[in-house]
Amino acid sequence: YQASAWVRATGRPVKGIFELLEWKRNSVVARRSEAFTARGDRWRRVTFRTRSVGDNSALQLSLTARHIGEGNGLKVDRVRLHPVRGSTPTPTPTPTPTPTPSSTVDTLFGASVYENGRTWTQAVADSHATYGGMEVVRVFYPGLPSAWPGRAGQVGGPVVVSFKAQPADILSGRHDAYLANWFATAPAGRDIWWTYWHEPEDDVEDGSFTAQQWREAYRRIAGLANGADNPRLVNTVILMCWTVNPRSGRTFDDFYPGSDLVEALAWDCYSFSNSTSAYSKPAEIFGRALDTTRALGHEFGVAETGSLLAAGDEGGEQRAAWLGSVGRWLQDNDASFACYFDSVVGGEFRLLDGASQRAWHGVVTGIGAHDRI
């Protein structure tokens, strides 16, 4: 597992311990810890990897600080625990008395917003009404992002936001000042999963730019984002699920800017009818993307998912059941967020039938969708 947290002091430097406890039968059977010093000049990320000593254990993250007092405090943000693959150090078993329950990620569910002749504000309001109040909204900027608030800020809550600019222009430094200011003025207190040029794979194959140019441009922008000193700005890469399918012929590393800057991997994954099922099973849709993300120790998100109505499902009842299964699977696998692609781009993906609307409403609001069966 990989554990991470962001820390910052509000006065003098604060020393502390960030640790993972493994509980079994009311006792701690293993622990792994990392000492840290939080300072007031900027946020710092504390992280480590460790291996559990057995199955069916409860895992607890604990952060302990010393010398906290009046005028001297500690801020903690974005505490995360993810399974990863690869060799890790063996923890030292240590007994202790009292158990504490483990927790999982609470997936944020939402959708993209299709204006269809309405103002952006009205379209967002209508989507909130249809789905019971979206927890996250997918926002696309066709070029550079608008100054805040813009569309992303007008959502009023967490967003998955992407923007574009030619890599050559990014690498020239032409947009440095604008983007640095955009990151610096981003709203505080909400998660903003930002990405540069989502789904760059087809553009690379079409010759618009090279994979190396895109990676280098992403790294330059991520450096600007980190300079904003805002841990709620999450450096996110959005790729197609198709890219990690062996049949695509693509190499994932071509579209991976590096673990030192990437914090989350998000994916655009769709269901397609086949000979045995009108709608693909969630594990078939998201499985490879999840494995790739977890192996690197990043947050896992779904920036787009959706399905056309399958033949013979005019009322949408089968799609409704599929939407519920998608919500359960993503919640069970600790996705940070998942957005339905409520759009007509590439086909009629909008949820226009009552059954599908009610199903995604249930996923967003948690009514029945996340019950473990």
Side-chain angles (χ1 to χ4, degrees), residues 1-6 43 45-47 59 61 76-85 102-112 131 133-140 152 155-162 186-196 198-199 222 225-226 230-241 244 256-257 259 261-269 282-283 285-306 323 326-341 360 363-366 369-370:
Y1 293 85
Q2 177 165 308
S4 63
W6 289 83
W43 287 91
R45 187 174 185 239
V46 188
T47 185
L59 302 179
L61 284 176
V76 181
D77 208 340
R78 296 190 58 75
V79 179
R80 295 287 186 267
L81 179 67
H82 293 305
V84 296
R85 292 179 178 176
S102 60
S103 61
T104 58
V105 172
D106 184 14
T107 305
L108 302 183
F109 290 100
S112 63
Y131 301 126
M134 295 180 291
E135 300 171 307
V136 62
V137 176
R138 178 71 173 95
V139 178
F140 301 86
V155 166
V159 291
V160 180
V161 56
S162 62
R190 70 181 72 167
D191 286 331
I192 300 170
W193 289 276
W194 72 267
T195 198
Y196 164 65
H198 76 287
E199 294 188 5
N226 288 351
N230 179 355
R232 307 302 287 273
L233 284 169
V234 187
N235 301 347
T236 306
V237 169
I238 298 176
L239 300 176
M240 304 174 184
C241 275
V244 289
Y256 183 57
S259 60
L261 289 173
V262 176
E263 297 175 281
L265 282 174
W267 303 85
D268 293 349
C269 313
I285 302 172
F286 308 108
R288 289 190 182 93
L290 175 66
D291 289 345
T292 301
T293 306
R294 293 298 187 237
L296 292 165
H298 297 314
E299 285 186 55
F300 169 66
V302 175
E304 296 177 21
T305 192
L323 289 166
V326 165
R328 286 190 296 273
W329 194 93
L330 293 174
Q331 177 69 59
D332 289 348
N333 285 279
D334 291 341
S336 291
F337 60 85
C339 300
Y340 186 84
F341 189 60
W360 197 245
V363 170
V364 172
T365 60
H370 304 157

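- With sequence neighbours excluded, the residues forming a ring-ring contact (aromatic ring centres under 6.0 Å, His included) with Tyr340 are Trp360, listed by chain and number.
- The minimum heavy-atom distance linking Ala303 with Asp268 is given by the pair CB-OD1, 3.3 Å.
- Closest approach of Asp77 to Pro231, counting heavy atoms only: OD2-CG, 3.8 Å.
- Between Val155 and Val161 there is no side-chain heavy-atom pair separated by less than 4.5 Å.
- With values rounded to the nearest 0.5 angstrom, Asn230 atom CG is found 10.0 Å from Trp6 atom CH2.
- The shortest non-hydrogen separation linking Asn333 to Phe300 is O-CD2, 4.5 Å.
- Remark: the backbone N or O of Gly301 is not paired with any side-chain donor or acceptor of Ser336 at under 3.5 angstrom.
- Between the CG atom of Leu261 and the CD atom of Glu263 there is a distance of 8.5 Å, given to the nearest 0.5 Å.
- Checked by atom type, the side-chain pair Trp267/Thr293 shows a donor-acceptor distance below 3.5 Å.
- From Leu265, atom CG reaches atom OG1 of Thr292 across 8.0 Å, with rounding to the nearest 0.5 Å.
- Remark: Thr236 OG1 to His198 NE2 distance equals 13.5 Å, nearest 0.5 Å.
- A distance-only check finds no donor-acceptor pair linking the side chain of Glu135 to the backbone of Gly110 [under 3.5 Å].
- In this structure, Val326 and Val363 have side chains that are not in contact, with every pair of non-hydrogen atoms separated by 4.5 Å or more.
- Closest heavy-atom contact between Ala225 and Leu233: O-CD1, 4.3 Å.
- Expressed to the nearest 0.5 Å, how far OH of Tyr131 lies from OG1 of Thr365 amounts to 12.5 Å.
- For the pair Asp106/Gln331, a side-chain contact is recorded, criterion being any heavy-atom separation below 4.5 Å from C-beta on.
- Between Leu61 and Val79 the shortest side-chain heavy-atom distance falls below 4.5 Å.
- Ring-plane geometry between Tyr256 and His298 is classed as tilted, the angle between the planes lying from 30 to 60 degrees on a 0 to 90 degree scale.
- Considering only residues two or more places apart in sequence or on other chains, Arg232 meets the side-chain hydrogen bond (donor to acceptor under 3.5 Å, both in side chains) condition with Asp191.
- By the 4.5 Å heavy-atom criterion applied to side chains, Asp334 and Arg294 are counted as neighbours.
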Between Phe337 and Val234, does the side-chain contact (heavy atoms from CB on, under 4.5 Å) criterion hold? Intermediate values first, please. CA-CA 12 Å; Phe337 60 85; Val234 187; over 6 Å; no
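- By the 4.5 Å heavy-atom criterion applied to side chains, Asn235 and Val262 are not counted as neighbours.
- For Cys269 against Ile285, the heavy-atom pair with the smallest separation is CB-CG2, 3.5 Å.
- Using a 4.5 Å cut-off on side-chain heavy atoms (C-beta onward), Leu330 and Pro282 make no contact.
- Arg45 is listed as a side-chain neighbour of Ser4, based on a closest heavy-atom distance under 4.5 Å.
- Minimum interatomic distance between Thr107 and Ala338 (heavy atoms only, all atoms of both residues): CG2-N, 4.3 Å.
- Arg138 and Ser162 share a side-chain donor-acceptor pair at under 3.5 Å.
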